[in-house]
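These notes concern the structure reproduced below.
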Amino acid sequence: MFKIIIPKAPFDFKKILKRMSSRNNNNVLINEENLSLQRIVTIDSQPTLLYVTFQGDIDHPLLKVHIPNNTSRIQQEKLFQLVRHMFSTECDLLKCYDSLSGSPYLKPLINQFYGLRLVLEPSLFEAIAKLIIYQQINTTFAAELVNRLMTLTAEEVEVEGNCLPIFPSPESIAKLSYNQLRRISFNQRKAEYVIDFAQNIVEGKINLDHFWKLTDEEIIQILSNVRGIGKWTIECTLLFGMGRLNILPAGDIALRKVIKNVWGLKQTPSEKDVEKLGHNWSPYKSYASYYLWCSAKLF
DNA sequence: GACCAGGATATAG
DNA sequence: CTATATCATGGT
């Protein structure tokens, strides 16, 4: 059993998968040849296999979502909604490109990444926890820390011979001790940030489900008061965790370096320089940030 | 071995 | 309000 979801065109699933592969997350199983993706998502606090394949082409895209056994209608609908959310199927990219293509620096990127959409984590908690882990250290090491964390909490589901790790729930992380994370090479602060954040969620001091109704500014207000979450993490939460469209993490070191190269600057621009460059990318600053970021790694 | 990584905080001036 | 030390490990 499966259901077809029709994303807005243009929609390039190959580029989307390539982007996901470059982030080497162990809890996502990607097959770039079949254009398929598998991972475990949580629906009604129940681990559920998400298995998506792609058919059609960039301008006539079809996402085929497999329906797991023993799921109710309501759970199925939540799963489909999650897929739309994860792959930003409803975003009007043409309008976005129209707005950004005024910049001669961005136009080549739009051609290069045409049809590439934001890829969001299925869970906002997972997105924020990972962002805290990704602060400051190089991305391969950060990905390794995430993998070690998943090994530590040891939740996984076997699917057709493949073990798919599950990113731990807030409850699961909240139970850990700082020393457990230190043993897998978290520094003391990172261990505190991640565990304390999870405890905030468990105790209900922060309600992430409520965030979807809030404006960017209201979310900034709430997250600013959380230890371990600063400007960069908030901006990335809005962008990569929630898919908000007008975010430019101007202080990000990777973004600043790409801009230096793309603009041919002598030295790396400051955060304020980047903000000035991007001030007329509204209301689609997020896709400018995203495509610049992607061009940094050449995926 | 130095220096930097898709930062944040505490502290001092 | 700006400047600086600190974190800790892996890649270059």
Side-chain angles (χ1 to χ4, degrees), chain A residues 18-26 28 109 113 116 118-121 124 126-152 176-200 206 219-244 247-263 267-275 277-278 285-299:
Chain A
K18 207 168 171 184
R19 164 68 183 171
M20 294 182 80
S21 301
S22 75
R23 302 214 57 190
N24 53 11
N25 278 339
N26 268 8
V28 184
L109 293 179
F113 298 117
L116 173 64
L118 280 170
V119 182
L120 308 183
E121 292 287 359
L124 191 49
E126 179 172 342
I128 297 176
K130 281 183 179 171
L131 282 168
I132 294 173
I133 293 172
Y134 271 73
Q135 287 166 3
Q136 173 58 21
I137 55 181
N138 70 66
T139 52
T140 49
F141 178 42
E144 176 61 23
L145 291 182
V146 171
N147 291 336
R148 289 181 195 170
L149 174 61
M150 291 192 293
T151 306
L152 185 64
L176 297 174
S177 68
Y178 300 147
N179 274 335
Q180 277 179 287
L181 292 189
R182 298 216 59 173
R183 269 180 235 127
I184 57 173
S185 299
F186 280 59
N187 64 38
Q188 178 66 28
R189 283 187 197 162
K190 217 181 265 296
E192 290 172 9
Y193 294 166
V194 172
I195 291 175
D196 294 354
F197 172 63
Q199 285 175 350
N200 273 323
I206 304 171
I219 293 167
I220 292 168
Q221 195 66 32
I222 295 172
L223 289 181
S224 297
N225 295 318
V226 182
R227 192 173 120 92
I229 298 183
K231 192 165 188 285
W232 178 86
T233 308
I234 296 173
E235 289 167 343
C236 291
T237 295
L238 290 165
L239 207 171
F240 296 110
M242 303 186 70
R244 297 290 166 99
I247 307 294
L248 176 63
D252 178 79
I253 184 64
L255 190 63
R256 288 167 52 211
K257 287 191 166 177
V258 189
I259 288 179
K260 179 195 171 198
N261 293 334
V262 175
W263 268 251
Q267 52 186 4
T268 308
S270 69
E271 178 170 8
K272 284 184 180 172
D273 294 336
V274 174
E275 276 168 8
L277 285 176
K285 287 181 183 174
S286 293
Y287 269 92
S289 312
Y290 183 40
Y291 282 9
L292 282 164
W293 228 331
C294 288
S295 74
K297 302 190 149 187
L298 303 169
F299 268 80

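Lettering follows sequence order; numbering is per chain, from 1. Keep in mind the model is a prediction, meaning the values are calculated, not measured.
Across all strands shown, A:Lys231 has heavy atoms under 4.0 Å from sugar-phosphate atoms exclusively, and none from any base. Residue-level contact check: A:Leu131 touches neither bases nor backbone, having no heavy atom under 4.0 Å from any strand. Among the protein residues, A:Val258 comes within range of no part of the nucleic acid, since none of its heavy atoms lies under 4.0 Å from any strand. Nucleic acid contact for A:Gln135: sugar-phosphate only, since backbone atoms but no base atoms lie under 4.0 Å from a heavy atom of the residue.
The nearest whole Å value for the distance from the CG atom in A:Asp252 to the C1' atom in B:dC4 is 14 Å. If you measure from atom CZ of A:Phe197 to atom C1' of B:dA8, you get 15 Å, rounded to the nearest angstrom. If you take CD1 of A:Ile234 and C1' of B:dA8, they are 11 Å apart, rounded to a whole angstrom.
Nearest to the side-chain atoms of A:Arg19 among the listed nucleotides B:dG7, C:dT9, B:dG6 stands B:dG6. Candidate nucleotides C:dG10, B:dG7, B:dG6 were compared by shortest atom distance to the side chain of A:Gln136, and B:dG7 ranks first. Residue A:Arg189 has its side chain nearest to C:dT6 when only B:dG7, C:dT6, C:dT9 are considered.
For a distance-only test at 3.5 Å, the side chain of A:Arg227 fails to qualify as a donor-acceptor partner of the base of B:dT9.
Just one of A:Ile220, A:Ile247, A:Ile132, A:Ile128 meets the side chain to side chain contact (heavy atoms under 4.5 Å, CB included) condition when paired with A:Thr237; it is A:Ile128.
When each of A:Leu255 and A:Ile229 is assigned the nucleotide of DNA chain B with its nearest heavy atom, A:Leu255 is the one assigned upstream, toward the 5' end.
Classification of the A:Tyr290-A:Phe240 ring pair by plane angle, with boundaries at 30° and 60°, yields perpendicular.
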For DNA chain B, just give me the dot-bracket, please: Watson-Crick or G-U, both distances below 3.5 Å, ( ) intra-strand, [ ] crossing earlier pairs, | paired with another strand, . unpaired. .|||..|||||||
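Of the side-chain N and O atoms in A:Arg256, none sit less than 4.0 angstrom from OP1 or OP2 of B:dC4. The phosphate of C:dG10 (OP1 or OP2) has no side-chain N or O of A:Thr140 nearer than 4.0 angstrom.
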